[in-house]
Enquirer: 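After the C-alpha cells below, expect a handful of questions from me.
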Amino acid sequence: MSEGKSGAEKRAPDRPWLLRTYAGHSTAAKSNELYRRNLSKGQTGLSIAFDLPTQTGYDSDNELARGEVGKVGVPVSHLGDMRTLLDGIPLDQMNTSMTINATAAWLLSLYVAFADEQGASRDKLTGTIQNDIIKEYLSRGTYVFPPEPSLRLIKDTIVFSYQNVPKWNPTNVCSYHLQEAGATPVQELAFALATALAVLDTVKASGEVPEENFGLVVGRVSFFVNAGMRFVTEICKMRAFNELWEDITLNRYGVTNPKERMFRYGVQVNSLGLTEPQPENNVYRILLEMLGVTLSKRARARAVQLPAWNEALGLPRPWDQQWSLRMQQIVAYETDLLEYGDIFDGSKEITRKVEELKEQALSELAAIEAMGGAVAAIDYMKRRLVESNTARLSNIESGAQIVVGVNKWTETEPSPLTAGEGAIMVVDPAVEAEQIERLKAWRASRDNKAVEKAIAEVERAAKEGRNIMESSIAAARAGVTTGEWGTTLRRVFGEYRAPTGVAQAAVVRDSGALDAVRAEVDDLSNKLGRRVKFLVGKPGLDGHSNGAEQIAVRARDVGMEVVYEGIRLTPTQIVRAAVDESVHVIGLSILSGSHVPLVQEVMERLHKEGISDVPVVVGGIIPPEDEAKLKAFGVAAIYTPKNFQLNDIMSDIVRLVGTQSLAA
C-alpha cells in the first residue's frame with residue numbers, strides 16, 4: 001500500500017522567482033555575449049549593469065569618464081550601443097531590469113526605441129528601471145540633477161509607462177544601497193517607504209493620472225531590497241515591508257484592488273558583508289542571505305540576483321556568476337521550498353519581531369513626514385546612515401560583531417580559488433579607447449541637423465514642463481548620445497551636490513580606543529605648529545562614498561582637520577584643493593576599478609605643482625598586482641577591505657605625515 005500524501009504535498013509547487021545575475025562590462029558586444037551565455041545556463045531575466053559615465057549622463061570621451069569606461073558595467077552612449085547590447089534577444093519575451101537612476105528616462109527611451117525597431121509591441125515589454133534618485137543622494141552617488149527636477153523625471157517615466165508600457169515597472173524604490181551604506185532594518189524600511197511616498201505624492205500632485213487610474217500606477221511601483229546575514233531579522237523585515245505597504249496603499253492612496261497593493265520586490269543580497277580575507281566563506285554568506293528573501297512565501301522576492309563570492313577582490317568572472325546562479329537553481333528546483341505555504345505563519349517569534357519593526361519604522365517614517373517628507377529630510381537621513389555605518393564598523397573593530405576570517409578565526413590555508421593569473425576578471429585598458437573611437441564614428445555617421453532638432457525638442461519639453469519621454473525616444477532614434485541628453489538637461493535643471501553627512505555625524509568622544517591615536521595626532525600637530533590636515537578625495541565618477549565617509553569621520557574624531565568635499569572630483573580639483581588647503585596628507589578612495597589611471601594622474605599633477613612630498617594613501621578594491629603599480633607611482637600606503645581597523649589606519653597616517661613633514 002502506498003504511503004498517503006498530505007494536502008501540503010499534493011499542492012502544485014509555486015513558480016520560482018526570476019533568476020538573474022547582475023552583469024555588464026567592457027563593451028556592448030562583450031556584454032551581449034555574456035547575457036546570451038547566462039540565459040543558456042538557465043537565467044530567466046536580464047539585469048543590466050551600466051558603467052558610471054552612462055549612469056551619470058556623460059559620453060565615454062568626457063574628461064570625467066577617464067578610467068571609468070566599461071569598468072562597473074557596460075557603456076551605452078547611443079542607440080547603436082543598445083542595439084549591440086540586446087542583439088538577438090527578443091524584448092517582447094524578456095524581462096529586463098536596468099540599474100539606472102539619474103539617466104533612467106534616457107535609457108528607457110533607448111530601450112523603447114530599440115523595441116520599436118524590433119517590432120516588439122510596447123504593451124508586451126516587461127522589466128524595470130531602478131529610477132530611485134533619493135537613495136542616490138543618500139548612498140550610491142550617481143545623481144545628477146537637484147531633487148525637484150529629478151522627481152519630475154521619475155514622474156514623467158511613470159506617466160509614460162502606465163499609458164504606453166503598462167507591464168513595465170517605471171520606478172524601483174531601492175533600499176539595497178541604504179543597507180550597503182549601513183542602514184539598520186528600521187532605517188531601510190522607513191527611508192525606502194518615505195521615498196515611495198515622495199514619488200507617488202509627486203505623481204498625484206501632477207494631476208496627470210486620473211483618480212480612477214491611480215491604482216494602476218501604485219501597482220507598478222516595485223522595490224529592490226537587500227538581505228544581510230541576520231536572516232531571521234531579514235525575513236521579519238520583508239514581512240513588515242509587505243504589511244506596511246498594504247496599509248499605506250489602502251489607507252493613504254485608497255487603492256482597493258488587492259493585486260495593485262501587492263509589495264513586489266527584487267533583491268540582491270548584501271555585498272557590504274563580503275570579505276576579502278577567506279573569500280570562499282562568502283558562498284555561505286550569500287546562501288544564508290538568500291534564504292531571508294525566499295523562505296517566507298508571503299514575503300518572497302519575485303526576482304533574485306546574487307553577488308559572486310569574490311566581489312570583494314575585484315570583478316567576478318563568468319564562472320563566478322554561474323556559481324551564484326546555480327545556488328539559486330538548487331534552492332528553487334532541488335529543495336521542496338516551493339511546495340509549501342508560508343512556513344512562518346503562526347510563529348509567535350516572527351510575529352513579535354515583525355510588529356516591533358513595523359512600530360519602529362512607522363515612528364521613523366512619521367519623523368520624516370514631519371520634516372516635510374523624504375526630500376526635505378535628505379540631510380537627516382544621510383547623517384543617520386553615516387552614524388549607523390560608524391556604529392557597525394566600530395562593533396567589528398571591537399569584536400562585538402564577529403566576522404569570521406576577519407576579526408575572529410583568521411588563521412587560514414591558502415585558497416586555490418584565488419590563486420594564479422585570471423583569478424578575477426580584468427577589463428582590458430584598450431576597451432576605453434575602442435569605445436571612444438566607436439562613439440566618434442557614430443557621431444560622424446549621423447544626420448547632425450536631425451540631432452540638433454531632436455536636442456532642441458528635448459530642451460523645450462524640459463523647460464515647458466512637458467513629459468520628457470516622447471522627445472527623448474525621438475532623440476534616441478535621431479542618434480543623440482547619452483552625454484548630449486545629459487548636457488541638455490543639466491543646462492535646464494542644473495546640477496546638485498548631495499550632503500556628505502560627515503560634518504553632522506555624532507562625534508565619538510567616549511571611546512578609550514581612540515585615546516592613543518588622539519594623543520599621537522596632538523603630539524604631531526604640536527610639532528608641526530598646526531593641526532594635521534587630511535584631504536579625503538574621491539576622483540572619477542565612483543559614488544560609493546561609504547569608505548571615504550568613515551575615514552573622514554574617524555580622522556575628525558581623532559583630532560585631524562579634515563577636508564572632504566564629497567564625490568565626483570577630477571584629479572585636477574583634488575590637487576588644487578591640496579595646494580589651496582596646504583594639507584599634510586591625501587587619501588584617495590576608489591571602488592570602481594579605475595584606481596590605476598586616476599591615481600597616476602593625481603600623482604603626476606602633484607609633481608607638477610611641486611608638492612609630491614605630500615604622502616598619498618589609497619583605499620578601495622585593489623588587486624595585489626595593482627598595488628605594485630600604485631606603489632611605483634609613489635603611493636605611500638594602500639588599504640583594501642581587509643584593513644577594517646580604522647584606528648590602525650589613522651596611526652599609519654600619523655606616522656607617514658610625521659616621517660615626511662618633520663624630515664622636510
Side-chain angles (χ1 to χ4, degrees), residues 26 51-73 75 141-142 314-315 426-437 439 483 497 534-545 547-548 551-552 563-640 656 660:
S26 305
D51 73 355
L52 289 173
T54 303
Q55 291 185 52
T56 50
Y58 293 108
D59 283 333
S60 298
D61 57 355
N62 188 281
E63 178 191 5
L64 276 168
R66 183 169 183 261
E68 306 280 17
V69 177
K71 289 288 174 61
V72 302
T142 62
L315 289 174
V426 177
V427 174
D428 186 343
V431 159
E432 184 167 323
E434 293 167 0
Q435 172 68 9
I436 289 172
E437 287 306 309
L439 176 58
R497 291 199 70 79
F534 184 11
L535 170 64
V536 178
K538 283 196 64 63
L541 296 176
D542 172 34
H544 283 109
S545 58
I551 290 292
V563 179
Y564 176 57
E565 298 177 348
I567 64 171
R568 218 180 297 167
L569 300 173
T570 64
T572 302
Q573 290 171 321
I574 289 171
V575 173
R576 187 73 260 149
V579 173
D580 293 345
E581 297 283 350
S582 298
V583 301
H584 296 106
V585 59
I586 300 168
L588 304 176
S589 171
I590 309 168
L591 283 89
S592 63
S594 57
H595 43 270
V596 172
L598 290 175
V599 171
Q600 182 178 16
E601 185 174 350
V602 169
M603 301 305 287
E604 289 172 352
R605 290 186 178 278
L606 287 172
H607 181 74
K608 288 178 182 177
E609 290 286 346
I611 57 168
S612 54
D613 56 334
V614 175
V616 175
V617 300
V618 178
I621 298 175
I622 301 171
E625 57 270 25
D626 286 352
E627 290 191 26
K629 294 177 184 176
L630 299 185
K631 289 287 183 71
F633 297 153
V635 170
I638 295 166
Y639 303 101
T640 64
L656 284 170
Q660 193 70 41

Enquirer: Quick one: pull up CZ in Arg497 and CD in Glu565 and give me the separation to the nearest 0.5 Å.
Expert: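 So the gap between those two atoms works out to 7.5 Å.
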Enquirer: At what distance, to the nearest 0.5 angstrom, does CD of Gln55 lie from CG of Leu541?
Expert: 9.5 Å
Enquirer: Run the side-chain contact (heavy atoms from CB on, under 4.5 Å) test on Ile611 and Val579 for me, step by step, so that the C-alpha distance in whole Å, both residues' side-chain angles and the decisive distance to 0.1 Å come before the verdict.
Expert: CA-CA 8 Å; Ile611 57 168; Val579 173; 3.6 Å; yes
Enquirer: Do Thr56 and Arg568 pair up side chain to side chain, a donor and an acceptor below 3.5 Å, judged on atom types alone?
Expert: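 Short answer, no.
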Enquirer: In terms of side-chain geometry, is the basic nitrogen of Arg66 or Glu601 positioned less than 4.0 Å from the acidic oxygen of its partner?
Expert: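 Yes, Arg66 and Glu601 are salt-bridged.
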Enquirer: Side chains of Ser594 and Asp542, heavy atoms from C-beta outward: is any pair under 4.5 Å?
Expert: no
Enquirer: Please step through side-chain contact (heavy atoms from CB on, under 4.5 Å) for the pair Glu627 and Thr640, ending with a clear verdict.
Expert: CA-CA 10 Å; Glu627 290 191 26; Thr640 64; 3.9 Å; yes
Enquirer: Can you find a heavy atom in the side chain of Glu68 that is under 4.5 Å from one in the side chain of Asp51?
Expert: no
Enquirer: Charged N to carboxylate O under 4.0 angstrom, Glu609 versus Arg576?
Expert: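 The answer is yes: the pair qualifies as a salt bridge.
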Enquirer: Ignoring hydrogens, what is the shortest heavy-atom contact between Ala578 and Ile586? Give both atom names and the distance.
Expert: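 So the minimum-distance heavy-atom pair works out to CB-CD1, 3.7 Å.
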Enquirer: Indicate the atoms forming the closest heavy-atom contact of Ser60 with Val69, along with that distance.
Expert: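 Nearest heavy atoms, Ser60 then Val69: O-CG2, 3.6 Å.
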Enquirer: Rounded to the nearest 0.5 Å, what separates atom CZ in Phe633 from atom NE2 in His595?
Expert: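 Nearest 0.5 Å value for the CZ-NE2 distance: 9.5 Å.
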Enquirer: Can you list the steps and then say if Ile622 with Leu630 is a side-chain contact (heavy atoms from CB on, under 4.5 Å)?
Expert: CA-CA 10 Å; Ile622 301 171; Leu630 299 185; 4.0 Å; yes
Enquirer: Is there a side-chain contact between Asp613 and Gln660 (heavy atoms, below 4.5 Å)?
Expert: yes
Enquirer: Is there a side-chain contact between Ile551 and Tyr639, using heavy atoms and a 4.5 Å cut-off?
Expert: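 No - every pair of side-chain heavy atoms lies 4.5 Å or more apart.
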Enquirer: Any sub-3.5 Å donor-acceptor pair from Ser545's side-chain atoms to Ala548's backbone N or O?
Expert: no
Enquirer: About how many Å separate OG of Ser592 and CG of Leu598, when rounded to the nearest 0.5 Å?
Expert: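 Rounded to the nearest 0.5 Å, the CG-OG separation comes out at 6.5 Å.
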Enquirer: Just how far is it from atom CZ of Arg605 to atom CE of Met603, taken to the nearest 0.5 Å?
Expert: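 If we round to the nearest 0.5 Å, Arg605:CZ and Met603:CE are 14.0 Å apart.
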Enquirer: With a 4.5 Å heavy-atom cut-off, do Glu581 and Leu535 have their side chains touching?
Expert: no
Enquirer: Tell me, with the steps shown, if Thr570 and Glu63 meet side-chain contact (heavy atoms from CB on, under 4.5 Å).
Expert: CA-CA 8 Å; Thr570 64; Glu63 178 191 5; 4.1 Å; yes
Enquirer: Nearest 0.5 angstrom please: Leu606 CG to Ile574 CD1, how far?
Expert: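 The CG atom of Leu606 sits 9.5 Å away from the CD1 atom of Ile574.
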Enquirer: Assess whether atom CD of Glu625 is packed by more than 12 heavy atoms of other residues, nucleotides or ligands within 6.0 Å.
Expert: yes
Enquirer: Decide yes or no for Val575 and Val602: does some side-chain heavy atom of the first lie under 4.5 Å from some side-chain heavy atom of the second?
Expert: yes
Enquirer: Does the side chain of Leu591 reach to within under 4.5 Å of the side chain of Val72, using non-hydrogen atoms?
Expert: no
Enquirer: Is there a side-chain contact between Pro539 and Leu588 (heavy atoms, below 4.5 Å)?
Expert: yes
Enquirer: How far apart are the closest heavy atoms of Val536 and Tyr564, and which atoms are they?
Expert: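 The pair with the smallest heavy-atom distance is O-CD1, 3.3 Å.
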Enquirer: Quick check: closest heavy atoms across Gly587 and Phe534, and the distance to 0.1 Å?
Expert: N-CE1, 3.4 Å
Enquirer: Can you see which heavy atom on Lys631 is nearest to which on Ala637, and at what distance?
Expert: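 Where Lys631 meets Ala637 most closely, the heavy atoms are CE-CA, 4.3 Å.
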